[in-house]
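A, B, ... follow the sequence lines: proteins, then strands. Residue 1 opens every chain. Source: prediction; values computed, not measured. Computed over heavy atoms, backbone and side chain alike; hydrogens, waters and symmetry mates excluded.
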Amino acid sequence: MNITAELVDYLAGLSRLEVQEGDRQAMTAELERILAYMDVLERLDTQGVEPMSHVFPVKNVLREDEVIPSQAREELLAGSPAPDGEAFLVPKTVE
Amino acid sequence: MTWETVIGLETHVELATKTKIFCGCTTQFGGAPNTHCCPVCTGMPGTLPVLNRRVLEFAVKAGLALNCSITRYGKFDRKNYFYPDLPKAYQISQLYLPIARDGAVPIHTDAGDKAIRIHELHMEEDAGKLVHDPWIDQTRADYNRCGVPLIEIVTEPDFRTADEVIAYLEQLKETLQYLGVSDCKMQEGSLRCDVNLSVRPLGSSELGTRTEMKNLSSFKAIARAIDYEARRQIERITEGKRVVQETRRWDENKDASYAMRSKEDAQDYRYFPEPDIPPIELSEAYLDGLRAGLPELAQAKRARYQADYGLPEYDCRMITSDKALAAFFEALVALGAPPKQGANWIMGEVLGALSARGLEPRDMKLTAPTLARLIALVSEGKLNRNTAVKVFEAVFDTDGDVDAYVKEHGLEQVNDDGLVREICAKVLAANPRSVADFRGGKDKAFGFLVGQVMRELKGKANPQAVNAILSQLLKG
């Protein structure tokens, strides 16, 4: 797959990352190399191999529907750079 | 040209569990901001989500009741997007192996019967709530709803009219309420609906470009939004413009929709299998157990009421439209009330009293034994129907004692023919003018005389007896 500067910008936009001009060149090359490795994997013969969705041999890990106390709000908000005592504050996102 | 509207629905339904889908925080509605949160539902590093057993059970039950095939080997997937309503920066959902697929919901409209195909039903977690604060020009994030369990039910594009959409939603709501998997309160957001709509020339088999409408918070809003959007698209095409595939937000106050930006703009969710949740394998025994535990649904009840009680279809629909109402009706019948009389009381007085008070049937204080007693008193001739309605109003709010009320207010029907005859004679003697009118051919005078007798007897007489005795005396 061909990684273009536009595609790097698009991915950065989806991830809300600001990419500097110098970094973009490096990223383009790195992404190219990562995807080239996928081409190596593509060469494997997977005929008759069942797709795997999880690496551990466990299934049906479930919990009961029982309420346990939530976290104290001060503690929850303590990790935020801009709480107002009740909520997290973020830049305007609602139209 | 005649146009056809093609609609598909995505409905999000909040499941009625006590706790969130992947942690033990409460799902209770309301609550001060950010007080129903923990490290799991706020996506702190190193935490491990664990699926709520009930969520799985409710989702499978819903799938079974909507005639879907249940996925025996399923899993969850990560839907990635960066938006402050989601502190993890991804939503745990199901893309590749949804819990249920290929169902059908029968609907009934004035245009006839039809089945709406269900494409899939999957489990996922809700996101938080963002409220913009204009004073500080910032957005406040409340994560109480983060991780509240949802099922999303996606239909095929099988709807052609707003009527069909409403009929489907009512059917869906009724089924999920009967199952007990959701309370489906639109005003609290536990049933939310996105409408995908396109138009095409009637007879065409190709689909037009569709738009998706969000923020539809009532059946009325859905119907209006559908009409508005179909008209908007037809207008554009007629003017030679293209319909743009976009997400539009319905503004109920302005009765119009407008294109949304931000989150819905150029989405690329980069789904991948959720590594934190192991796969789910359902045994035949598990499914059999849930199948056996499914309650009788509204449709089956309707058929049974028609067959066993001989009730008209209209009555059956009214009574089964609400689970609590149907249970009330069945309790009345079990207590010996004649089914048609029970139905009449429910459709008339009970629904009237509820609507006058703005109450839902499940909030009603009046119990079946109280109304059954009232119905029995009428059947036994101890109360006339009009007096019974007055007693009903008096006992409705507190589930009061019918017999005590009747006794206290001296309302028992006068079945003493001798007394009725005496009063009739007295009334005739006191109203020679009306008697003359009646004999002169004025039928109206008879009604006046009946009214006078009833007044003398404080409304407690059996109207049939009064009619019979008065006629007899007037003839004589």
Side-chain angles (χ1 to χ4, degrees), chain A residues 1 3-4 6-19 31 34-35 38 41 46 49-95, chain B residues 17-19 22-28 32-39 41-42 44 50-56 73 75 80-85 87 89 96-97 130-133 136-143 249 260-263 266-268 270 273-275 277-282:
Chain A
M1 192 178 175
I3 304 287
T4 59
E6 289 77 49
L7 186 57
V8 171
D9 283 343
Y10 178 69
L11 291 172
L14 284 176
S15 310
R16 303 288 188 267
L17 292 175
E18 199 179 334
V19 176
L31 283 170
I34 290 167
L35 289 178
M38 297 301 144
L41 289 179
T46 54
V49 178
E50 204 182 318
M52 190 175 67
S53 57
H54 205 265
V55 288
F56 298 117
V58 287
K59 59 185 183 192
N60 300 346
V61 178
L62 301 167
R63 42 167 271 273
E64 299 305 318
D65 185 26
E66 281 159 15
V67 177
I68 56 170
S70 293
Q71 197 175 6
R73 185 164 64 187
E74 312 82 77
E75 195 184 300
L76 178 76
L77 294 177
S80 159
D84 72 347
E86 285 190 339
F88 297 88
L89 292 182
V90 296
K92 181 178 177 178
T93 43
V94 180
E95 286 170 37
Chain B
T17 55
K18 290 201 282 266
T19 67
F22 300 121
C23 67
C25 288
T26 179
T27 53
Q28 219 162 55
N34 294 303
T35 53
H36 300 166
C37 302
C38 77
C41 53
T42 51
M44 294 298 167
V50 183
L51 181 61
N52 184 339
R53 190 182 295 280
R54 280 255 79 188
V55 170
L56 179 64
Y73 183 86
K75 64 185 183 70
N80 297 280
Y81 69 87
F82 286 83
Y83 199 68
D85 64 356
Y96 300 108
L97 295 169
L130 301 176
V131 180
H132 186 64
D133 185 340
I136 51 174
D137 199 32
Q138 281 192 299
T139 296
R140 306 173 84 235
D142 172 8
Y143 295 137
R249 188 183 167 87
M260 277 172 91
R261 281 166 287 128
S262 69
K263 181 171 133 183
Q267 285 175 354
D268 181 353
R270 293 151 292 150
E274 170 56 56
I277 314 279
I280 297 154
E281 212 178 296
L282 303 179

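- Taking CZ of B:Arg270 as the reference point, atom CG of A:Leu14 lies at 4.5 Å (rounded to 0.5 Å).
- Expressed to the nearest 0.5 Å, how far OG1 of B:Thr17 lies from CG of A:Asp65 amounts to 5.0 Å.
- Side-chain contact between A:Arg63 and B:Thr19 is present, with at least one heavy-atom pair separated by less than 4.5 Å.
- Of the two parts of B:Pro87, neither the backbone nor the side chain holds a non-hydrogen atom closer than 4.5 Å to a non-hydrogen atom of chain A.
- The parts of B:Pro278 that come within reach of chain A are both its backbone and its side chain, each placing non-hydrogen atoms under 4.5 angstrom from that chain.
- Neither the backbone nor the side chain of A:Ser80 comes within contact range of chain B; no heavy atoms are under 4.5 Å apart.
- For the atom pair CG of B:Asp137 and CG of A:Leu89, the computed distance is 11.5 Å after rounding to the nearest 0.5 Å.
- Contact count versus chain A (heavy atoms, under 4.5 Å) is highest, among B:Ala32, B:Pro39, B:Pro273, for B:Pro39.
- Taken to the nearest 0.5 Å, the CG atom of B:Leu282 stands 10.5 Å off from the NZ atom of A:Lys59.
- Judged by distance alone, the side chain of A:Arg73 and the main-chain N or O of B:Pro33 form a donor-acceptor pair under 3.5 Å.
- Around the CD atom of A:Glu86, the shell of radius 6.0 Å holds more than 12 heavy atoms that belong to other residues, nucleotides or ligands.
- Chain A forms more heavy-atom pairs under 4.5 Å with one residue of B:His36, B:Glu274, B:Lys75, B:Arg53 than with any other, namely B:Arg53.
- Most heavy-atom pairs under 4.5 Å with chain B: of the set A:Asn60, A:Leu76, A:Leu11, this distinction falls to A:Asn60.
- In this structure, chain A has no heavy atom under 4.5 Å from any part of B:Cys41.
- Both the backbone and the side chain of B:Lys18 have a heavy atom closer than 4.5 Å to some heavy atom of chain A.
- Summarising the geometry, atom CD1 belonging to B:Ile136 is positioned 12.5 Å from atom NZ belonging to A:Lys92; distances are rounded to the nearest 0.5 Å.
- Looking at B:Phe22, only its backbone comes within 4.5 Å of chain A, counting heavy atoms on both sides.
- Taking both residues in full, the closest heavy atoms of A:Ala87 and B:Ala141 are given as CB-O, 3.4 Å, listed atom of the first, atom of the second, then distance.
- With a threshold of 4.5 angstrom between heavy atoms, B:Pro84 approaches chain A through side-chain atoms but not through N, CA, C or O.
- Only the side chain of B:Thr42 comes within less than 4.5 Å of a heavy atom of chain A; its backbone N, CA, C and O stay farther away.
- Proximity to chain B (any heavy atom under 4.5 Å) is restricted, for A:Glu66, to the backbone atoms N, CA, C and O.
- Taking B:Cys38, B:Cys25, B:Pro279 one by one and counting their heavy-atom pairs under 4.5 Å with chain A, the maximum is reached by B:Pro279.
- Between the CG atom of B:Asn52 and the CD atom of A:Glu64 there is a distance of 8.5 Å, given to the nearest 0.5 Å.
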